[in-house]
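Written below as C-alpha coordinates is the structure these notes are about.
Residue numbering restarts at 1 for every chain, and letters A, B, ... go by the order of the sequence lines.
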2 protein chains.
Amino acid sequence: MTEAAADLTRNQALVYGALEKTGTPMSAYTILDELRDDGFRAPLQVYRALDKLVEQGLVHRLESLNAFVACRHASCHRGGFIAFAICDTCGQVSEFSDDALSRRLSGWAGKHSFKPSKTTIEIRGLCAGCSNA
Amino acid sequence: MTEAAADLTRNQALVYGALEKTGTPMSAYTILDELRDDGFRAPLQVYRALDKLVEQGLVHRLESLNAFVACRHASCHRGGFIAFAICDTCGQVSEFSDDALSRRLSGWAGKHSFKPSKTTIEIRGLCAGCSNA
DNA sequence: ATCTATATGTTATAGCGTAACAAATCTGAT
DNA sequence: ATCAGATTTGTTACGCTATAACATATAGAT
Ligand SMILES: [Zn+2]
Ligand SMILES: [Zn+2]
Ligand SMILES: [Zn+2]
Ligand SMILES: [Zn+2]
(Lines give C-alpha, C1' and ligand atoms only; values in the text may rest on other atoms or scores of the structure.)
(Ligands and ions follow the chains in the order given, each with its own letter.)
Protein backbone atom coordinates (compact mmCIF):
# COMPACT_ATOMS: atom_id res chain seq x y z
CA MET A 1 0.00 0.00 0.00
CA THR A 2 1.63 3.26 -1.12
CA GLU A 3 0.71 6.50 0.65
CA ALA A 4 -2.63 7.87 -0.38
CA ALA A 5 -4.60 5.20 1.46
CA ALA A 6 -5.28 7.32 4.51
CA ASP A 7 -8.42 7.12 6.64
CA LEU A 8 -9.88 4.22 4.77
CA THR A 9 -12.24 1.91 6.58
CA ARG A 10 -11.22 -1.70 7.02
CA ASN A 11 -13.18 -2.92 3.99
CA GLN A 12 -11.99 -0.09 1.81
CA ALA A 13 -8.39 -0.76 2.78
CA LEU A 14 -8.76 -4.46 2.01
CA VAL A 15 -10.26 -3.82 -1.41
CA TYR A 16 -7.69 -1.18 -2.25
CA GLY A 17 -4.93 -3.50 -1.07
CA ALA A 18 -6.14 -6.32 -3.30
CA LEU A 19 -6.26 -4.02 -6.32
CA GLU A 20 -2.87 -2.55 -5.67
CA LYS A 21 -1.24 -5.91 -5.08
CA THR A 22 -2.58 -7.25 -8.35
CA GLY A 23 -1.78 -4.16 -10.38
CA THR A 24 -4.08 -5.06 -13.27
CA PRO A 25 -7.88 -4.68 -13.52
CA MET A 26 -10.03 -6.91 -11.34
CA SER A 27 -13.76 -7.51 -11.42
CA ALA A 28 -15.68 -6.98 -8.20
CA TYR A 29 -16.26 -10.71 -7.98
CA THR A 30 -12.59 -11.52 -8.34
CA ILE A 31 -11.87 -9.09 -5.53
CA LEU A 32 -14.56 -10.79 -3.48
CA ASP A 33 -12.92 -14.18 -3.95
CA GLU A 34 -9.57 -12.69 -3.05
CA LEU A 35 -10.99 -11.42 0.23
CA ARG A 36 -12.96 -14.45 1.42
CA ASP A 37 -10.28 -15.20 3.98
CA ASP A 38 -10.64 -11.70 5.35
CA GLY A 39 -14.31 -12.26 6.04
CA PHE A 40 -15.87 -10.98 2.84
CA ARG A 41 -19.05 -12.84 1.96
CA ALA A 42 -21.17 -10.74 -0.39
CA PRO A 43 -20.65 -8.62 -3.52
CA LEU A 44 -22.09 -5.60 -1.80
CA GLN A 45 -19.18 -5.44 0.59
CA VAL A 46 -16.91 -5.03 -2.40
CA TYR A 47 -19.13 -2.66 -4.34
CA ARG A 48 -19.60 -0.36 -1.37
CA ALA A 49 -15.88 -0.12 -0.81
CA LEU A 50 -15.29 0.43 -4.52
CA ASP A 51 -17.81 3.27 -4.62
CA LYS A 52 -15.88 5.19 -1.99
CA LEU A 53 -12.49 4.40 -3.48
CA VAL A 54 -13.60 5.57 -6.92
CA GLU A 55 -15.13 8.67 -5.35
CA GLN A 56 -11.78 9.47 -3.75
CA GLY A 57 -9.91 8.80 -6.98
CA LEU A 58 -7.85 5.97 -5.56
CA VAL A 59 -9.44 3.50 -7.92
CA HIS A 60 -10.75 3.83 -11.45
CA ARG A 61 -13.59 1.96 -13.04
CA LEU A 62 -12.90 0.69 -16.54
CA GLU A 63 -16.21 0.74 -18.35
CA SER A 64 -15.21 -1.38 -21.29
CA LEU A 65 -14.11 -4.13 -18.91
CA ASN A 66 -16.62 -3.83 -16.08
CA ALA A 67 -13.60 -3.90 -13.83
CA PHE A 68 -11.58 -1.75 -11.48
CA VAL A 69 -7.94 -0.80 -11.22
CA ALA A 70 -5.88 0.98 -8.58
CA CYS A 71 -4.71 4.44 -9.64
CA ARG A 72 -0.98 4.70 -10.06
CA HIS A 73 -0.69 8.45 -10.02
CA ALA A 74 -0.07 10.33 -6.81
CA SER A 75 -3.02 12.51 -7.69
CA CYS A 76 -4.37 12.07 -11.17
CA HIS A 77 -7.19 14.58 -10.94
CA ARG A 78 -5.68 17.84 -11.99
CA GLY A 79 -8.84 18.75 -13.83
CA GLY A 80 -8.23 17.09 -17.16
CA PHE A 81 -9.92 13.94 -18.33
CA ILE A 82 -8.01 10.71 -17.86
CA ALA A 83 -7.47 8.22 -20.65
CA PHE A 84 -6.65 4.56 -20.26
CA ALA A 85 -4.75 2.26 -22.60
CA ILE A 86 -5.59 -1.33 -21.74
CA CYS A 87 -3.66 -4.31 -23.08
CA ASP A 88 -6.02 -7.16 -23.91
CA THR A 89 -3.26 -9.71 -23.52
CA CYS A 90 -1.48 -8.88 -20.28
CA GLY A 91 -4.05 -6.58 -18.72
CA GLN A 92 -1.57 -3.80 -18.16
CA VAL A 93 -3.24 -0.40 -17.89
CA SER A 94 -1.53 2.89 -18.72
CA GLU A 95 -3.21 6.04 -17.52
CA PHE A 96 -2.54 9.29 -19.25
CA SER A 97 -3.97 12.73 -19.25
CA ASP A 98 -3.53 14.97 -22.22
CA ASP A 99 -4.36 18.67 -22.06
CA ALA A 100 -5.02 19.02 -25.76
CA LEU A 101 -7.37 16.07 -25.59
CA SER A 102 -9.21 17.51 -22.61
CA ARG A 103 -9.51 20.91 -24.26
CA ARG A 104 -10.87 19.26 -27.39
CA LEU A 105 -13.61 17.44 -25.51
CA SER A 106 -14.42 20.40 -23.29
CA GLY A 107 -14.54 22.51 -26.41
CA TRP A 108 -17.12 20.30 -28.03
CA ALA A 109 -19.17 20.28 -24.85
CA GLY A 110 -19.03 24.06 -24.52
CA LYS A 111 -20.04 24.61 -28.10
CA HIS A 112 -23.03 22.33 -27.70
CA SER A 113 -23.98 23.47 -24.20
CA PHE A 114 -23.44 19.96 -22.94
CA LYS A 115 -22.57 19.72 -19.25
CA PRO A 116 -20.24 16.75 -18.73
CA SER A 117 -20.38 14.87 -15.47
CA LYS A 118 -18.20 11.85 -16.22
CA THR A 119 -15.98 11.06 -19.16
CA THR A 120 -14.69 7.69 -20.30
CA ILE A 121 -11.70 7.35 -22.62
CA GLU A 122 -10.43 3.83 -23.07
CA ILE A 123 -8.17 2.39 -25.75
CA ARG A 124 -8.17 -1.38 -25.93
CA GLY A 125 -5.37 -3.09 -27.80
CA LEU A 126 -1.90 -4.55 -27.38
CA CYS A 127 0.91 -3.03 -25.37
CA ALA A 128 4.44 -2.80 -26.74
CA GLY A 129 5.58 -5.95 -24.97
CA CYS A 130 2.65 -8.07 -26.07
CA SER A 131 2.69 -7.06 -29.71
CA ASN A 132 6.28 -8.31 -29.96
CA ALA A 133 5.39 -11.73 -28.61
CA MET B 1 -35.63 2.42 -41.59
CA THR B 2 -33.39 4.90 -43.46
CA GLU B 3 -31.17 3.58 -46.23
CA ALA B 4 -28.10 1.72 -45.03
CA ALA B 5 -30.05 -1.29 -43.83
CA ALA B 6 -29.32 -3.34 -46.92
CA ASP B 7 -28.96 -7.12 -46.95
CA LEU B 8 -29.80 -7.56 -43.31
CA THR B 9 -31.30 -10.82 -42.18
CA ARG B 10 -34.78 -10.76 -40.69
CA ASN B 11 -33.55 -10.67 -37.10
CA GLN B 12 -30.94 -8.04 -37.82
CA ALA B 13 -33.52 -5.87 -39.54
CA LEU B 14 -35.93 -6.21 -36.62
CA VAL B 15 -33.27 -5.28 -34.07
CA TYR B 16 -32.05 -2.39 -36.16
CA GLY B 17 -35.62 -1.24 -36.68
CA ALA B 18 -36.30 -1.24 -32.96
CA LEU B 19 -33.17 0.80 -32.25
CA GLU B 20 -33.87 3.27 -35.00
CA LYS B 21 -37.48 3.74 -34.01
CA THR B 22 -36.53 4.46 -30.41
CA GLY B 23 -33.62 6.73 -31.26
CA THR B 24 -32.06 6.53 -27.81
CA PRO B 25 -29.91 3.74 -26.32
CA MET B 26 -31.58 0.43 -25.56
CA SER B 27 -30.30 -2.54 -23.61
CA ALA B 28 -30.37 -5.91 -25.31
CA TYR B 29 -33.12 -7.02 -22.95
CA THR B 30 -35.27 -4.01 -23.73
CA ILE B 31 -34.89 -4.81 -27.39
CA LEU B 32 -35.86 -8.39 -26.65
CA ASP B 33 -39.07 -7.28 -24.94
CA GLU B 34 -39.81 -4.97 -27.83
CA LEU B 35 -39.57 -7.87 -30.26
CA ARG B 36 -41.54 -10.55 -28.41
CA ASP B 37 -44.44 -10.07 -30.78
CA ASP B 38 -42.14 -10.71 -33.69
CA GLY B 39 -41.20 -14.09 -32.30
CA PHE B 40 -38.13 -13.24 -30.28
CA ARG B 41 -37.76 -15.46 -27.25
CA ALA B 42 -34.13 -15.44 -26.07
CA PRO B 43 -31.38 -12.87 -25.47
CA LEU B 44 -29.10 -14.62 -27.90
CA GLN B 45 -31.33 -13.74 -30.80
CA VAL B 46 -30.76 -10.10 -29.95
CA TYR B 47 -27.07 -10.36 -29.19
CA ARG B 48 -26.34 -12.20 -32.40
CA ALA B 49 -28.07 -9.56 -34.46
CA LEU B 50 -26.34 -6.80 -32.51
CA ASP B 51 -22.93 -8.35 -33.14
CA LYS B 52 -23.43 -8.13 -36.87
CA LEU B 53 -24.95 -4.66 -36.77
CA VAL B 54 -22.07 -3.33 -34.69
CA GLU B 55 -19.61 -5.05 -37.01
CA GLN B 56 -21.19 -3.25 -39.95
CA GLY B 57 -21.19 0.05 -38.12
CA LEU B 58 -24.96 0.45 -38.21
CA VAL B 59 -25.16 0.27 -34.45
CA HIS B 60 -22.82 1.42 -31.71
CA ARG B 61 -22.30 -0.14 -28.32
CA LEU B 62 -22.13 2.34 -25.46
CA GLU B 63 -19.79 0.82 -22.89
CA SER B 64 -20.70 3.09 -20.02
CA LEU B 65 -24.36 2.14 -20.43
CA ASN B 66 -24.17 -1.49 -21.48
CA ALA B 67 -26.54 -0.48 -24.20
CA PHE B 68 -26.79 0.00 -27.95
CA VAL B 69 -27.81 2.85 -30.21
CA ALA B 70 -28.48 3.12 -33.95
CA CYS B 71 -25.87 5.15 -35.78
CA ARG B 72 -27.20 8.39 -37.21
CA HIS B 73 -24.41 9.09 -39.64
CA ALA B 74 -24.56 7.88 -43.20
CA SER B 75 -21.12 6.44 -42.71
CA CYS B 76 -19.36 7.40 -39.52
CA HIS B 77 -16.26 5.33 -40.00
CA ARG B 78 -13.90 7.51 -41.93
CA GLY B 79 -10.96 6.32 -39.91
CA GLY B 80 -11.16 8.58 -36.89
CA PHE B 81 -12.36 7.53 -33.48
CA ILE B 82 -15.97 8.31 -32.64
CA ALA B 83 -16.99 10.10 -29.47
CA PHE B 84 -20.41 10.03 -27.85
CA ALA B 85 -22.09 12.62 -25.67
CA ILE B 86 -24.87 10.95 -23.72
CA CYS B 87 -27.52 12.86 -21.80
CA ASP B 88 -28.31 11.13 -18.53
CA THR B 89 -31.74 12.71 -18.38
CA CYS B 90 -33.27 12.29 -21.81
CA GLY B 91 -30.96 9.63 -23.20
CA GLN B 92 -30.15 11.63 -26.31
CA VAL B 93 -26.85 10.62 -27.87
CA SER B 94 -24.70 12.90 -30.02
CA GLU B 95 -21.96 11.29 -32.04
CA PHE B 96 -18.99 13.28 -33.12
CA SER B 97 -15.64 12.61 -34.62
CA ASP B 98 -12.82 15.04 -34.12
CA ASP B 99 -9.63 14.77 -36.13
CA ALA B 100 -7.48 16.55 -33.58
CA LEU B 101 -8.80 14.21 -30.92
CA SER B 102 -8.07 11.15 -33.02
CA ARG B 103 -4.59 12.36 -33.84
CA ARG B 104 -3.94 12.98 -30.19
CA LEU B 105 -4.90 9.46 -29.18
CA SER B 106 -3.14 7.87 -32.12
CA GLY B 107 -0.12 9.95 -31.25
CA TRP B 108 0.01 8.62 -27.72
CA ALA B 109 -0.39 5.08 -29.01
CA GLY B 110 2.37 5.51 -31.57
CA LYS B 111 4.76 6.97 -29.06
CA HIS B 112 4.18 4.06 -26.69
CA SER B 113 4.05 1.35 -29.34
CA PHE B 114 0.53 0.54 -28.29
CA LYS B 115 -1.59 -1.06 -31.03
CA PRO B 116 -5.20 0.05 -30.57
CA SER B 117 -7.98 -2.28 -31.58
CA LYS B 118 -11.03 -0.51 -30.17
CA THR B 119 -11.47 2.89 -28.64
CA THR B 120 -14.23 4.14 -26.39
CA ILE B 121 -14.91 7.84 -25.85
CA GLU B 122 -18.07 8.64 -23.95
CA ILE B 123 -19.10 11.83 -22.20
CA ARG B 124 -21.97 11.43 -19.77
CA GLY B 125 -23.80 14.53 -18.64
CA LEU B 126 -26.69 16.80 -19.47
CA CYS B 127 -27.65 18.02 -22.91
CA ALA B 128 -28.50 21.65 -23.58
CA GLY B 129 -32.23 21.07 -23.34
CA CYS B 130 -32.10 19.13 -20.10
CA SER B 131 -29.78 21.49 -18.26
CA ASN B 132 -32.29 24.30 -18.81
CA ALA B 133 -35.13 22.32 -17.28
C1' DA C 1 -27.16 7.36 28.24
C1' DT C 2 -29.20 8.62 23.94
C1' DC C 3 -29.21 10.21 19.41
C1' DT C 4 -27.42 10.52 14.80
C1' DA C 5 -24.66 9.32 11.14
C1' DT C 6 -21.86 6.13 8.90
C1' DA C 7 -20.16 1.56 8.04
C1' DT C 8 -21.20 -3.46 7.76
C1' DG C 9 -23.49 -7.84 7.27
C1' DT C 10 -26.87 -10.82 4.77
C1' DT C 11 -30.40 -12.49 1.67
C1' DA C 12 -32.64 -12.16 -2.32
C1' DT C 13 -33.21 -10.49 -6.82
C1' DA C 14 -32.56 -7.88 -11.15
C1' DG C 15 -29.85 -7.03 -15.31
C1' DC C 16 -26.21 -8.27 -18.75
C1' DG C 17 -24.01 -11.81 -21.60
C1' DT C 18 -22.52 -16.46 -23.46
C1' DA C 19 -21.80 -21.80 -23.93
C1' DA C 20 -23.59 -25.67 -26.01
C1' DC C 21 -26.48 -28.07 -28.85
C1' DA C 22 -30.31 -28.65 -32.33
C1' DA C 23 -32.85 -27.37 -36.28
C1' DA C 24 -33.74 -24.71 -40.30
C1' DT C 25 -32.31 -22.14 -44.30
C1' DC C 26 -29.46 -20.65 -47.83
C1' DT C 27 -25.67 -21.26 -51.29
C1' DG C 28 -23.29 -22.98 -54.84
C1' DA C 29 -21.63 -26.77 -56.74
C1' DT C 30 -22.31 -31.40 -59.57
C1' DA D 1 -32.90 -31.81 -58.78
C1' DT D 2 -29.81 -32.88 -55.15
C1' DC D 3 -26.22 -32.89 -52.18
C1' DA D 4 -22.58 -30.74 -49.04
C1' DG D 5 -21.06 -26.96 -46.55
C1' DA D 6 -21.90 -22.66 -44.53
C1' DT D 7 -24.73 -19.41 -42.21
C1' DT D 8 -28.68 -18.22 -39.63
C1' DT D 9 -31.93 -19.25 -36.25
C1' DG D 10 -34.14 -21.48 -32.08
C1' DT D 11 -33.82 -23.04 -27.22
C1' DT D 12 -32.11 -24.27 -22.69
C1' DA D 13 -29.23 -23.51 -19.29
C1' DC D 14 -25.87 -21.06 -17.00
C1' DG D 15 -22.41 -17.48 -15.41
C1' DC D 16 -21.07 -12.77 -14.43
C1' DT D 17 -22.29 -7.94 -12.95
C1' DA D 18 -24.86 -4.96 -9.85
C1' DT D 19 -28.37 -3.34 -6.57
C1' DA D 20 -32.70 -3.36 -3.34
C1' DA D 21 -34.14 -4.03 1.13
C1' DC D 22 -33.53 -4.87 5.65
C1' DA D 23 -30.78 -5.85 9.91
C1' DT D 24 -26.88 -4.83 12.87
C1' DA D 25 -22.91 -2.56 14.59
C1' DT D 26 -19.81 1.22 15.44
C1' DA D 27 -18.22 6.06 16.38
C1' DG D 28 -18.85 10.61 17.80
C1' DA D 29 -21.72 14.42 19.79
C1' DT D 30 -24.76 16.29 23.47
ZN1 LIG E 1 -5.46 7.63 -11.83
ZN1 LIG F 1 0.43 -6.43 -22.84
ZN1 LIG G 1 -22.08 6.30 -35.94
ZN1 LIG H 1 -31.16 15.66 -22.36
- Query: Which is it for A:E63 and A:T120 under the side-chain hydrogen bond (donor to acceptor under 3.5 Å, both in side chains) test, yes or no, and what are the steps along the way?
  - Reply: CA-CA 7 Å; A:E63 298 290 351; A:T120 301; 4.6 Å; no
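Taking only side-chain nitrogens and oxygens, B:N11 comes nearer than 4.0 Å to OP1 or OP2 of D:dG10. When the side-chain nitrogen and oxygen atoms of B:Q45 are compared with OP1 and OP2 of D:dT9, none of them lie within a distance under 4.0 Å. The phosphate of C:dT8 (OP1 or OP2) has a side-chain N or O of A:T9 nearer than 4.0 angstrom. Put simply, B:N66 has no side-chain N or O that comes within less than 4.0 Å of OP1 or OP2 on C:dG15.
For the pair B:D33 and B:R36, the salt-bridge criterion is met [side-chain N within less than 4.0 Å of a carboxylate O].
When side chains are defined from C-beta on, B:L50 counts as touching B:I31, because their heavy atoms get closer than 4.5 Å.
Here D:dG10 presents its P atom at 10 Å from CG of B:L14, a figure rounded to the nearest Å. C:dC16 atom C1' lies 15 Å from atom CE of B:M26, rounded to whole Å. The interatomic distance linking A:Q12 (CD) with C:dA7 (P) rounds to 7 Å, in whole Å. Taking atom CG on B:D51 and atom P on D:dT9, their separation rounds to 12 Å, with Å as the unit. Atom CG of A:L65 and atom P of D:dT17 are 10 Å apart (whole Å). If you take CD of A:E63 and C1' of D:dA18, they are 13 Å apart, rounded to a whole angstrom. Rounding to whole angstrom units, CG of residue A:L44 and P of D:dT17 are separated by 16 Å. Atom CG in A:L32 sits roughly 13 Å away from atom C1' in C:dT10 (whole-Å rounding).
Picking from C:dG17, C:dT10, D:dT11 the nucleotide with the shortest atom distance to the side chain of A:A42 gives C:dT10. Among the nucleotides C:dT10, C:dT18, D:dT11, the one closest to any side-chain atom of B:P43 is C:dT18. Residue A:K52 has its side chain nearest to C:dA7 when only D:dT11, C:dG17, C:dA7 are considered.
A stacking contact between B:Y47 and C:dT18 is absent: the pair does not combine a ring-centre distance of less than 5.5 Å to the base's six-membered ring with planes differing by less than 30°.
Taking only distance into account, the side chain of B:R48 never meets the base of C:dG17 through a donor-acceptor pair shorter than 3.5 Å. No hydrogens or angles were tested; on distance alone, a donor-acceptor pair under 3.5 Å links the side chain of A:Y29 to the base of D:dA18.
Ring geometry, A:F96 versus B:W108: the interplanar angle falls under 30°, so the pair is classed parallel (tilted spans 30 to 60°).
The OG1 atom of A:T119 lies 5.0 Å from the CD1 atom of B:I123; values are rounded to the nearest 0.5 Å.
Heavy atoms of B:R41 sit under 4.0 angstrom from primed sugar atoms or phosphate atoms, though from no base atom. Nucleic acid contact class of B:R10 (heavy atoms, under 4.0 Å, all strands): sugar-phosphate only.
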